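Notes to accompany the following structure.
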Amino acid sequence: MLTLAYAGAAALYLAATIRYVRQFVRARPGGSKVASALLLAGVLLHTTGALLYWARFHELPLVGLGPSLATLALLIALALLGLELFSSARAVCLIATPIAFIVLLAALLTGIDPAGSVTTFKGPWLALHVSLSFLGYAGWVVAAASGLMYLLEFRELKHKRLGSVFRFFPSLESLDQLSEVSLAAGFFALTLGIVLGLAWVLRFEPNSLWGDLKVAWGLVSWVLMLAALWMRFGGRRTSREAAFWSVGGFGLVFLTYLVAKLIAPEARFFL
Amino acid sequence: MTFLVVGLNHRTAPIDVRERFMFDHNEVPAALARVLADDAVREAALLSTCNRTEFYFHLDDSEAGLREAVSVFADHAGELPQQLESYLYVRRGADAVRHLYRVASGLDSMVLGEVQIQGQVREAYEAARGLSGDRRAVRAIFNRLFQSALSVGGRVRTETHISEGAASVPSAAVDLATKIFGSLRGRSGMVLGTGEMGRLTARTLVDEGLDHLFVISRRRERAEQLAADMGGRAIPYPKLWDRLANVDILVTCSGAPHAVITREEVERATHRQKRRPLLIVDISVPRDVEAAVGDLPNVFLYSIDDLEQIVTANCARRQEEVPAAERIVDRAVDDFWRWRAGLRAVPIIKELRERAERVRQAELDRAIAQFSDLSPQDRERIDRLTRSMLHKLLHEPTTRLRKAAENGSDLDILAALRFLLGPGEHGEE
């Protein structure tokens, strides 16, 4: 039942992605009611999956690779649903919905069961740390997606090749603002998440602080996000440079994660 | 009973002729009253825009409508009726209905798929509907015809791409601006020169919501005139570079023999506003802006050729949508025609119901007279009961009769019913 709910959500994200791609290929501007409905249904089913997880394991799906990825996908999908409902930049869903689908698919392939030291992960303290950190990454996914769209549209406008991107994407200004807001919000959430995590480690496992890859990765992410924010708010950078940093920074974080997994596949790593 | 359209448009008459035939809003009621004075004309509407003037009729005799329309046109334009023949076209019956649907959809417009025409059709319909006097210009048939025309126009625009993409140079410039800046509210623009195309582009930008417009020209008085027309502000030519640092959109149409906007000057002017994009629309020939300006990082430079290419591509895309739009129109014409055919059953259905009601009432009165001790409540109950029985008995035959009339091929059924009912008041329509 639990896996079925998550698999159903993944199928709905995939269906929504197909709708967005179809709309993009047909160069139809504006929203698609069918895609929005599919995304909404996916989020509802995904949330149901999380509730079933809670009912079965008596904890949030935050421990272990599968549950963590599933929660990250849910946060990304929720952010996209917010965009669908309240923003003119809903075309960002074209890029970010497939990310939510892939992340959830990876979770399903890994298996959505709790892993790691479950007892130590119980309680609101750590749940808040993980949730906030994931919220930070979800914000960065949206910032990177809108940044990428900004770069593509900028290129099309600059080179005067006005195709599907020109017709389907929102204005550069909307994408820039979305990237800015989601990056700032993501940074705020990630900072809080890291502070809570550090406090937890210092309180319960002070010796594991410096040897833990997870901590190193979290700090690398935070520094890269800070750099992306600095490129946006500090100095006189163009929006294009800021978008490049949103995308590049996120790419580096992802790359760092892959390297960490390759170097130490057996390490206790939350993702 | 048929439909008739008589009119002229951008295909049949040049602008100077169309101007003479154009009716002002306050001239429409008198023109409609005049054609409605002919008893053969049942309903009428007059659509008058800068690209077309057309009379729409629902009438008994199309020749009478044609005669009236030509007479009104001739008097209005100050020409002899026989001089109008070469400009006018006439559509009858289903072709007239199809014509209105195509007009409302923008399929018959000078700019394919333009959206304003739908509002103009609505205005013509409202004007005819609001006509006061002895004769109403709009009754059931025209209500249905015009409402369906507006609905078809809406469907064509939402179900096809026929109205998407800029179809003129000024609107292409606005499309670019909104794609870069989103809303133009809070944005500022500058027009360099006072050429006609620049004026049109500036007007379109202002209409789209541009907040501040500055006009610069070497001829100060022309700049002031244009600024006054657009609600903008004229500024002296030497202030060009200072002002450029603070604008989002620059439209150039100076007509100077050489480039007046150089890369160095733009780079210097925009240096302090590095984060802010600048859209330059150069619609001057020869060009006002050095091509190298387009290489600056946050500058989007578009020449008249670039804009025309955008317009050409958009128009080609709109053209590709025509078959899909025509299919929607054809289906709607069929629907309307079926609905209209169904009206043939109305008089006989009415007669059938009236007869049944008379019988019911008579039988009810007789029955109630026999039961003098019935309370008013019981009488009311019996009345409701018989009414309900009658309604249920007649519902199915009525629906089938209407469908038979809509199909057209089953008109024998109507004839048979007429025969069964015997002589009555039921007419053809």
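As the structure is a prediction and not an experimental result, all values here were calculated from the model. Just so it is clear: chains get the letters A, B, ... in the order the sequence lines come, proteins before strands, and each one is counted from 1.
- Contact annotation: the side chain of F166(A) approaches that of L176(B) to within less than 4.5 Å [non-hydrogen atoms, C-beta and beyond].
- For R240(A), the CZ atom sits in a loose shell: 12 or fewer heavy atoms of surrounding residues, nucleotides or ligands are nearer than 6.0 Å.
- Residue E173(A) is tested with R187(B), K179(B), R276(B) for a salt bridge (Lys or Arg N to Asp or Glu O under 4.0 Å); the sole match is R187(B).
- In this structure a side-chain-to-backbone donor-acceptor pair under 3.5 Å is missing from K160(A) to F300(B).
- Of the atoms belonging to I310(B), it is side-chain heavy atoms, and not backbone ones, that fall under 4.5 Å from chain A.
- Other residues, nucleotides and ligands contribute at most 12 non-hydrogen atoms within 6.0 Å of the CZ atom of R122(B).
- Comparing L162(A), D176(A), L172(A) by heavy-atom pairs within less than 4.5 Å of chain B, the highest count is held by L172(A).
- Around the CZ atom of R287(B), the shell of radius 6.0 Å holds no more than 12 heavy atoms that belong to other residues, nucleotides or ligands.
- Interface residue L296(B): only backbone heavy atoms are found under 4.5 Å from chain A.
- Using a 4.5 Å cut-off on side-chain heavy atoms (C-beta onward), F154(A) and I180(B) make no contact.
- E153(A) touches chain B through its side chain: at least one heavy atom from C-beta onward sits under 4.5 Å away, while N, CA, C and O do not.
- A side-chain donor-acceptor contact under 3.5 Å links K158(A) to the backbone of G294(B).
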